[in-house]
Amino acid sequence: RGEARVLKASSEFFMQQGNYPAAVRTATEGAILMEDCGDNTFAAHLRYTLAGLHLHSERFADAARAAMDGLKLARLGEDKRVTVQMMFTSLEANNAILEGAAMEEKMTKTFKQGIEKMKRLAKEAIGISVKIKDAGLEAAANYWVGHLFLME
């Protein structure tokens with residue numbers, strides 16, 4: 001786990017230095033290491049870092065993939081807050097993809113399906129937030145639901 005923490009910090013350092021490929025490589029390496037060790041929660045944290053790197057570099061499809069991978073790992077862990085945070089990261093990445101769509105695409109079936117999928121995820125985040133009694137996460141999840149209704 002210590003090695004993965006170093007890889008996570010190194011990844012963030014590389015990103016600050018503008019070395020995107022090295023940042024992605026080290027975050028990915030750390031996530032794989034933690035998955036192999038069976039630490040799904042920390043692997044999810046590293047996927048969160050990876051998704052953030054992709055978002056920062058405007059590689060939204062890669063960010064969405066990393067966020068969904070992190071969400072799958074977070075669901076295997078016991079920390080529900082990490083699960084909700086990964087849901088938010090997935091929503092953020094998918095939101096960036098959908099906002100990049102041209103205005104005429106808002107009526108397409110694919111766009112509408114994307115919005116519906118994101119709404120289900122946001123509503124699930126509300127449910128988990130209520131169960132763990134975290135008002136801050138609940139408020140953020142409600143924000144996402146409202147945002148997605150406005151995007152329709």
Side-chain angles (χ1 to χ4, degrees), residues 4 7-35 40-77 79-132 134 136-152:
L7 289 169
K8 183 178 186 303
S10 296
S11 176
E12 292 166 355
F13 172 77
F14 284 133
M15 191 60 190
Q16 289 176 352
Q17 298 301 313
N19 190 344
Y20 174 76
V24 170
R25 186 177 60 251
T26 54
T28 303
E29 185 180 337
I32 291 169
L33 178 67
M34 286 292 89
E35 288 172 40
N40 294 320
T41 300
F42 199 70
H45 280 287
L46 283 151
R47 293 290 177 188
Y48 172 83
T49 299
L50 185 59
L53 294 169
H54 290 312
L55 282 170
H56 182 73
S57 300
E58 296 184 3
R59 297 179 58 123
F60 302 127
D62 291 334
R65 270 190 297 282
M68 285 307 295
D69 289 345
L71 178 56
K72 289 174 189 172
L73 291 166
R75 284 184 168 149
L76 295 173
D79 190 344
K80 297 302 180 195
R81 284 176 179 76
V82 174
T83 302
V84 174
Q85 289 295 344
M86 288 309 305
M87 288 176 172
F88 292 159
T89 304
S90 180
L91 288 166
E92 185 178 352
N94 283 295
N95 184 62
I97 291 168
L98 291 177
E99 283 186 348
M103 196 59 125
E104 61 271 4
E105 289 185 32
K106 284 196 171 193
M107 293 301 140
T108 66
K109 185 177 180 179
T110 304
F111 184 87
K112 289 180 181 180
Q113 287 174 337
I115 293 290
E116 287 304 313
K117 179 181 173 184
M118 290 171 63
K119 275 200 261 183
R120 283 192 303 275
L121 196 59
K123 288 176 182 178
E124 183 182 353
I126 291 172
I128 293 171
S129 300
V130 169
K131 284 180 187 174
I132 62 173
D134 189 321
L137 291 178
E138 184 182 352
N142 277 303
Y143 159 79
W144 275 109
V145 170
H147 176 78
L148 292 166
F149 274 105
L150 291 174
M151 283 186 70
E152 289 185 306

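- Closest of all the heavy-atom pairs between Ala141 and Ala122 is CB-O, 3.9 Å.
- Of the options Lys112, Arg120, Gln113, Lys119, a side chain to side chain donor-acceptor pair (under 3.5 Å) to Glu116 is made by Lys119 and by none of the others.
- Looking at Leu98 and Met118, their side chains come closer than 4.5 Å, going by heavy atoms from C-beta outward.
- With a 4.5 Å cut-off on side-chain heavy atoms, Val130 and Ile126 count as touching.
- Note that the NE2 atom of His45 and the CG atom of Leu73 stand 11.0 Å from one another [nearest 0.5 Å].
- The heavy-atom pair separating Leu53 from Ala27 by the smallest distance is CD1-CB, 4.1 Å.
- Between Glu92 and Phe88 the shortest side-chain heavy-atom distance does not fall below 4.5 Å.
- For the atom pair Met34 CE and Leu46 CG, the distance stands at 7.5 Å (nearest 0.5 Å).
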Starting from the C-alpha separation in whole Å, work towards a yes-or-no answer on side-chain contact (heavy atoms from CB on, under 4.5 Å) for Leu137 and Ile128.
CA-CA 9 Å; Leu137 291 178; Ile128 293 171; over 6 Å; no
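- No more than 12 heavy-atom neighbours from other residues, nucleotides or ligands sit within 6.0 angstrom of NE2 on His56.
- Remark: side-chain polar atoms of Thr89 are not paired, donor with acceptor, to backbone N or O of Ala67 under 3.5 angstrom.
- Considering all non-hydrogen atoms of both residues, Gly70 and Ala44 come closest at O-CB, 3.5 Å.
- Minimum interatomic distance between Ala63 and Leu55 (heavy atoms only, all atoms of both residues): CB-CG, 3.7 Å.
- In this structure, CG in Asn142 is found 8.5 Å from OG in Ser129, a value given to the nearest 0.5 Å.
- One distance of note links CD of Glu124 with OG1 of Thr83; it measures 8.5 Å at 0.5 Å rounding.
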Tell me, with the steps shown, if Glu138 and Lys131 meet salt bridge (charged side-chain N to carboxylate O under 4.0 Å, His left out).
CA-CA 10 Å; Glu138 184 182 352; Lys131 284 180 187 174; over 6 Å; no
Per-pair distances, 0.1 Å, donor-acceptor, side chain in residues 12-24, under 3.5 Å, sequence neighbours excluded:
residue, atom, partner, partner atom, Å
Glu12, OE2, Lys8, NZ, 2.8
Asn19, OD1, Ala22, N, 3.3
Tyr20, OH, His54, ND1, 2.5
Tyr20, OH, Arg59, NE, 3.2

Going through the distances and angles, do Val84 and Arg81 end up as a side-chain contact (heavy atoms from CB on, under 4.5 Å)?
CA-CA 5 Å; Val84 174; Arg81 284 176 179 76; 5.8 Å; no
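- Residue pairs that meet the side chain to side chain donor-acceptor pair (under 3.5 Å) test with at least one member in residues 25-34, sequence neighbours left out, do not exist here.
- Checking side-chain atoms of Asn95 against main-chain N and O of Leu91 turns up no donor-acceptor pair under 3.5 Å.
- Note: Lys72 NZ to Met86 CE = 11.5 Å, rounded to the nearest 0.5 Å.
- Rounding to the nearest 0.5 angstrom, the gap separating the CE atom in Met151 from the CH2 atom in Trp144 is 8.5 Å.
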